[in-house]
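Structure first, then comments.
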Amino acid sequence: MAEKETEINDLGEFGLIDRLTKDFPIKNEETKLGIGDDAAVLTFGEKDVVVTTDLLLEGIHFDLRYVPLEHLGYKSAIVNFSDIYAMNATPRQITVSLGVSSRFTVEHLDRLYSGIRRACEIYGVDLVGGDTSASVTGLVISITCIGDVEKGQEVRRSGAKPTDIICVSGDLGAAFMGLQLLERENSVAAGQKDFQPDFSGKEYILERQLKPEARRDVVAMLREKGIKPTSMIDVSDGLSSELLHICKESNVGCRVYEDKIPIDYQTALMAEEFNMNLVTAAMNGGEDYELLFTVPLSEHEKVEKLEGIKMIGYVTAPDLGAALVARDGSEIPIRAQGWNAFNSGN
Ligand code: ADP
Ligand code: MG
């Protein structure tokens, strides 16, 4: 550890909290009282409030050997914003709770918070509280996000109806291939001094893994065009898993066409290099933070014109089940093989 680094004990808990939270000016008038009291005070007038929370554990959800702390902070906030947008709501406030082991210095946490601050600036979200504790098992980050939505405008997982069109924003599988690349380079680097990985031509998949964005733009575009999805979910665990969530909650089935799944060129190249099935990577990869949603068939013409939105299939009656239609027309049942912290072997 470099000598200029500051031990957390030098600042103490309250000194640390002050330092980490001092450059977070309040941006939303709904935030009546932020950090500094026993609780924050929020006011939402006539709107409904949505709340989501995420727990991130070192060694399970992130690996600090190849994830810079700024990016980790940014991504920790973004994954929560993404959940709020997936409800057709707007994120307004977060609380950030930390468990920190003694190997972390104040400067490490400064970097984590600079990422959180950047996400809050870009997405217009206020940091209104949190908690800070020592930990014996590395870094623990828990973020809770609060958002608002006009009454009656929230979009749940449960509203899909047979004949609805299934749509997805952006492209899929890139974040997963980025992770494969980082893990490979990390294992190559182990035991080699001054190892410099060559990431040229792979910037997109790395950015998708390390610095994802939440699709605020997609939610805004749908609103602007007067399209209200019947159901929506963000793609965090993989398309297969999210499709099954919508099918289960809406009591429907679905057909998704293999050749309609949007996949970026770099993702395809990387899958080839790893000898992986590309469609499997796109269906089960996860961490894309794209939006998967359904719209009534009557919106077909409008949706067709939307930039960056792909129609990938349709909703069926429940007894037809969920299936992927392969290029040759055969149907493959969709199963959730999404990334799961409980069986990742950690
Ligand atoms: P309490 O004793 O009520 O738990 P704390 O002393 O832990 O209060 O926290 C003081 C203030 O700082 C509170 O407003 C709390 O929400 C905020 N806070 C504590 N830890 C963090 C953190 N890691 N990030 C942001 N805010 C924090
Ligand atoms: Mg506390």
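Note that ligands are numbered from 1 as they come in the structure, with each ligand's atoms numbered from 1 the same way.
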Quick one: do [X] and [Y] make a salt bridge, cutoff under 4.0 Å?
| X | Y | value |
| --- | --- | --- |
| Lys305 | Glu307 | no |
| Glu299 | Lys225 | no |
| Glu46 | Lys151 | no |
| Arg118 | Glu70 | no |

- Message: For Tyr123 and Phe81, take the angle between the two ring planes, folded into 0 to 90°, and tell me which bin it lands in: parallel under 30, tilted 30 to 60, perpendicular over 60.
- Response: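 It falls in the tilted class, 30° to 60°.
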Only heavy atoms of [X], strictly under 4.0 Å: list the atoms of ligand 1 that pass.
| X | result |
| --- | --- |
| Ile35 | 12 (O), 14 (O), 17 (C), 26 (N) |
| Glu13 | 7 (O) |
| Gly129 | 16 (O), 25 (C), 26 (N), 27 (C) |
| Thr21 | 24 (N), 25 (C), 26 (N) |
| Asp37 | 13 (C), 14 (O) |

- Query: Hey, is the main chain of Arg184 close enough, under 3.5 Å, to the side chain of Ser187 for a donor-acceptor pair?
  - Reply: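 The answer is yes, because a donor-acceptor pair under 3.5 Å joins these two groups.
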- Query: Does ligand 1 have a heavy atom under 4.0 Å from the side chain of Thr95, from its backbone, from both, or from neither?
  - Reply: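 None of Thr95 does.
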- Between Phe24 and ligand 1, which residue portion shows a heavy-atom distance shorter than 4.0 Å: side chain, backbone, both, or neither?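 No part of Phe24 comes within reach of ligand 1.
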Give yes or no for whether the N/O distance cutoff of 3.5 Å, strictly under, is met between [X] and ligand 1.
| X | result |
| --- | --- |
| Phe14 | no |
| Gly36 | yes |
| Ser97 | no |

- Message: Looking at ligand 1, is there an atom of it that comes within less than 4.0 Å of some heavy atom belonging to Ile17?
- Response: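 Distance cut 4.0 Å: Ile17 passes for ligand 1.
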- Report the C-alpha separation of Ile263 and Asp171 in whole Å, then their side-chain angles, then the decisive distance to 0.1 Å, and conclude whether the side chain to side chain contact (heavy atoms under 4.5 Å, CB included) test is met. CA-CA 5 Å; Ile263 298 172; Asp171 59 77; 5.6 Å; no
- Over all heavy atoms of both residues, which pair between Leu243 and Cys254 is shortest? Give the atoms and the distance, please.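 Scanning both residues completely, I find the closest heavy atoms to be CD2-SG, 4.3 Å.
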